Asks: 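Sharing a structure, written as C-alpha cells. Questions coming.
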Amino acid sequence: MKTRSDNKEVIREVAFVKSSSHVNQCPDTHQPEFAFIGRSNVGKSSLINMICGRKNLAKTSGKPGKTKLINHFLINNEWFLVDLPGYGYASVSKKERNAWPVMINKYLGERENLCNLFVLIDSRISPQAIDLEFIHSVGEAGIPMSLVFTKADKLKPAELKRNVHTFLQTMKQTWEQLPPHFITSSQNGTGRNELLTYVDSVVQDMAG
Ligand code: GTP
Ligand code: MG
C-alpha cells in the first residue's frame with residue numbers, strides 16, 4: 001500500500017513529448033492522460049512544473065496567454081500530463097481567441113484516453129462567471145473533472161478557506177454532486193501529494 005510520502009517517488013521520469021495544435025496530432029496512445037485547464041495566468045504550467053519537480057518543464061509567464069498549444073508530458077513512461085492554453089484572456093488576437101474553443105473542444109471531445117480534466121480556479125478571487133460556465137460545459141459533456149484552487153500561498157488560511165467554500169457553495173446551486181477539489185501552491189508545494197495520490201489511484205484503476 002502506498003503512503004502519502006511515497007508520492008515524492010511517484011514521478012521517477014518526466015519527458016516532454018510534443019506540442020500539438022490539433023487533437024489529431026496528439027500522441028497515439030491508450031495510456032491514461034490528465035489535462036490542466038483554466039483561465040490564462042491561473043497557474044496551469046506552474047502547477048505541472050511543481051508536480052514534476054522541474055522548474056522549467058512547462059513554459060510559464062507573468063503575462064497571460066503564454067501556453068498556446070496542447071503540450072504532452074510523459075510520466076514514468078506510463079501516463080501523460082497535458083498543459084493546455086487558458087481561456088478568458090481578452091488581449092490575445094481575435095484569431096487566437098477564435099481558435100481556442102475549436103482546438104480545446106475537439107481535444108476534450110475526442111481524446112479517448114483523457115481520464116481527468118483538472119480545472120484550475122484562482123483561489124484569490126470570487127467565483128467568476130467564465131469559470132462557472134466552463135465547468136458547466138465540461139459537466140454537460142460528461143468529462144471527468146476535478147477542481148484545483150491555485151496560488152494558495154497568496155492568501156491567509158482563513159481567506160483561502162472562505163473563498164473555496166464560497167466557490168463550492170456557488171456550484172452547489174446547480175450541481176447535485178460536487179467534483180473532487182484540491183488546494184495548491186506551486187510556490188510551496190501545497191497539494192502536490194493529494195493531487196498525485198488522486199492521479200495514482202486513477203492510473204491504478206485503469207491498469208485494473
Ligand atoms: P497561460 O499559459 O498563459 O494560460 O497561463 P498559466 O495558467 O499556465 O499560468 P502560469 O503557470 O504561466 O503562471 C502565471 C503566473 O502566475 C506566473 O507569474 C507564475 O509565477 C504565477 N503563479 C503560478 N502559480 C502560482 C502559485 O501557486 N503561487 C504564486 N504565488 N504564483 C503563482
Ligand atoms: Mg501556461
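Everything numeric in this text was worked out from a predicted model, so none of it was measured. Order of listing sets the numbers, starting from 1, for every ligand and every atom in it.
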Asks: Considering only the protein, which heavy-atom contact is closest to atom 7 (O) of ligand 1, and what is its distance?
Replies: Lys44 NZ, 2.7 Å
Asks: Below 3.5 Å, N or O to N or O, backbone or side chain included: is there any such pair between Val42 and ligand 1?
Replies: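 By distance alone, the answer is yes.
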Asks: Taking the six-membered ring for Trp, are the ring centroids of Phe134 and Tyr87 within less than 6.0 Å of each other?
Replies: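 Ring centres of Tyr87 and Phe134 closer than 6.0 Å.
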Asks: Between Pro64 and ligand 1, does any nitrogen or oxygen pair lie at a separation below 3.5 Å?
Replies: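 By distance alone, the answer is no.
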Asks: In ligand 1, which numbered atoms sit nearer than 4.0 Å to a non-hydrogen atom of Gly86?
Replies: 4 (O)
Asks: Which pair of heavy atoms, one from Val138 and one from Met145, lies closest together, and at what distance?
Replies: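 It is CG1-SD, 3.8 Å.
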Asks: N/O of Thr67 under 3.5 Å from N/O of ligand 1, yes or no?
Replies: yes
Asks: Any heavy-atom pair between the side chains of Asp200 and Leu196 that's under 4.5 Å?
Replies: no
Asks: Using the ring centroid of each side chain, check whether Phe80 and Phe34 are separated by less than 6.0 Å.
Replies: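 No; Phe34 has its ring centre 6.0 Å or more from that of Phe80.
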Asks: Any donor-acceptor pair under 3.5 Å linking the side-chain atoms of Ser185 with those of Gln187?
Replies: no
Asks: Measure the spacing between OG of Ser40 and NZ of Lys63 and express it to the nearest 0.5 Å.
Replies: 13.5 Å
Asks: Look up atom CZ in Arg162 and atom NZ in Lys156, then write down how far apart they are to the nearest 0.5 Å.
Replies: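 NZ of Lys156 is found 10.0 Å from CZ of Arg162.
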Asks: Return the residue, atom name and 0.1 Å-rounded distance of the protein heavy atom closest to atom 23 (C) of ligand 1.
Replies: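 For atom 23 (C) of ligand 1, the nearest protein heavy atom comes out as Ser46 OG, 3.3 Å.
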Asks: Classify the ring geometry of Phe36 against Phe118: parallel below 30°, tilted from 30° to 60°, perpendicular beyond 60°.
Replies: parallel
Asks: Can you find a pair of side-chain heavy atoms, one from Ser186 and one from Thr150, that are under 4.5 Å apart?
Replies: no
Asks: With a 4.0 Å heavy-atom cut-off (strictly under), which part of Ser186 contacts ligand 1: side chain, backbone, both or neither?
Replies: both
Asks: Check this for me - ligand 1, Ser45, N or O atoms closer than 3.5 angstrom, yes or no?
Replies: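 Yes - when backbone and side-chain N and O of Ser45 are compared with those of ligand 1, one distance drops under 3.5 Å.
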Asks: Go through ligand 1 atom by atom and flag the ones less than 4.0 Å from a non-hydrogen atom of Gln187.
Replies: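 In order of numbering, the contacting atoms are 27 (O), 30 (N).
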Asks: For ligand 1, which atoms sit closer than 4.0 Å to a heavy atom of Gly62?
Replies: 18 (O)
Asks: Using a heavy-atom cut-off of under 4.0 Å, does the side chain or the backbone of Thr60 touch ligand 1, or both, or neither?
Replies: both
Asks: Check whether any N or O atom of Asp83, backbone or side chain, sits under 3.5 Å from an N or O atom of ligand 1, and answer yes or no.
Replies: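 No, Asp83 has no N/O under 3.5 Å of an N/O on ligand 1.
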Asks: Can you find a side-chain donor-acceptor pair between Ser45 and Thr67 that sits under 3.5 Å?
Replies: yes
Asks: Give me the nearest non-hydrogen protein atom to atom 25 (C) of ligand 1 as residue plus atom name, then the distance to 0.1 Å.
Replies: Lys151 CG, 3.7 Å
Asks: Considering distance alone, does some N or O of Ala152 sit under 3.5 Å from an N or O of ligand 1?
Replies: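 No, Ala152 has no N/O under 3.5 Å of an N/O on ligand 1.
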Asks: Would you mind listing which atoms of ligand 1 come within a distance below 4.0 Å of any non-hydrogen atom of Ser185?
Replies: 27 (O)
Asks: To the nearest 0.1 Å, how far is atom 9 (O) of ligand 1 from its closest protein heavy atom, and which atom is that?
Replies: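 Checked against all protein heavy atoms, atom 9 (O) of ligand 1 sits closest to Gly43 N, 3.2 Å.
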Asks: Hey, is Met50 touching ligand 1 through its side chain, its backbone, both or neither, going by heavy atoms under 4.0 Å?
Replies: neither
Asks: Heavy atoms, side chains only, cut-off 4.5 Å: are Asp131 and Val119 in contact?
Replies: no
Asks: Is it true that atom NZ of Lys172 has more than 12 heavy atoms of other residues, nucleotides or ligands lying nearer than 6.0 Å?
Replies: no
Asks: Touching ligand 1 at all, Asn41? Heavy atoms, strictly under 4.0 Å?
Replies: yes
Asks: I need the contact type for Ser61 against ligand 1. Using non-hydrogen atoms and a strict under-4.0 Å cut-off, is it side chain, backbone, both or neither?
Replies: backbone
Asks: Tell me, which protein residue and heavy-atom name are nearest atom 30 (N) of ligand 1, and how many Å apart are they?
Replies: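 Minimum-distance protein heavy atom for atom 30 (N) of ligand 1 reads Asp153 OD2, 2.8 Å.
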Asks: Could you grab the distance from atom NZ of Lys161 to atom OG1 of Thr166, nearest 0.5 Å is fine?
Replies: 12.0 Å
Asks: At the Mg ion (ligand 2), what angle lies between atom OG1 of Thr67 and atom OG of Ser45, rounded to 10 degrees?
Replies: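 Computed angle, vertex at the Mg ion (ligand 2), rounded to 10 degrees: 90°.
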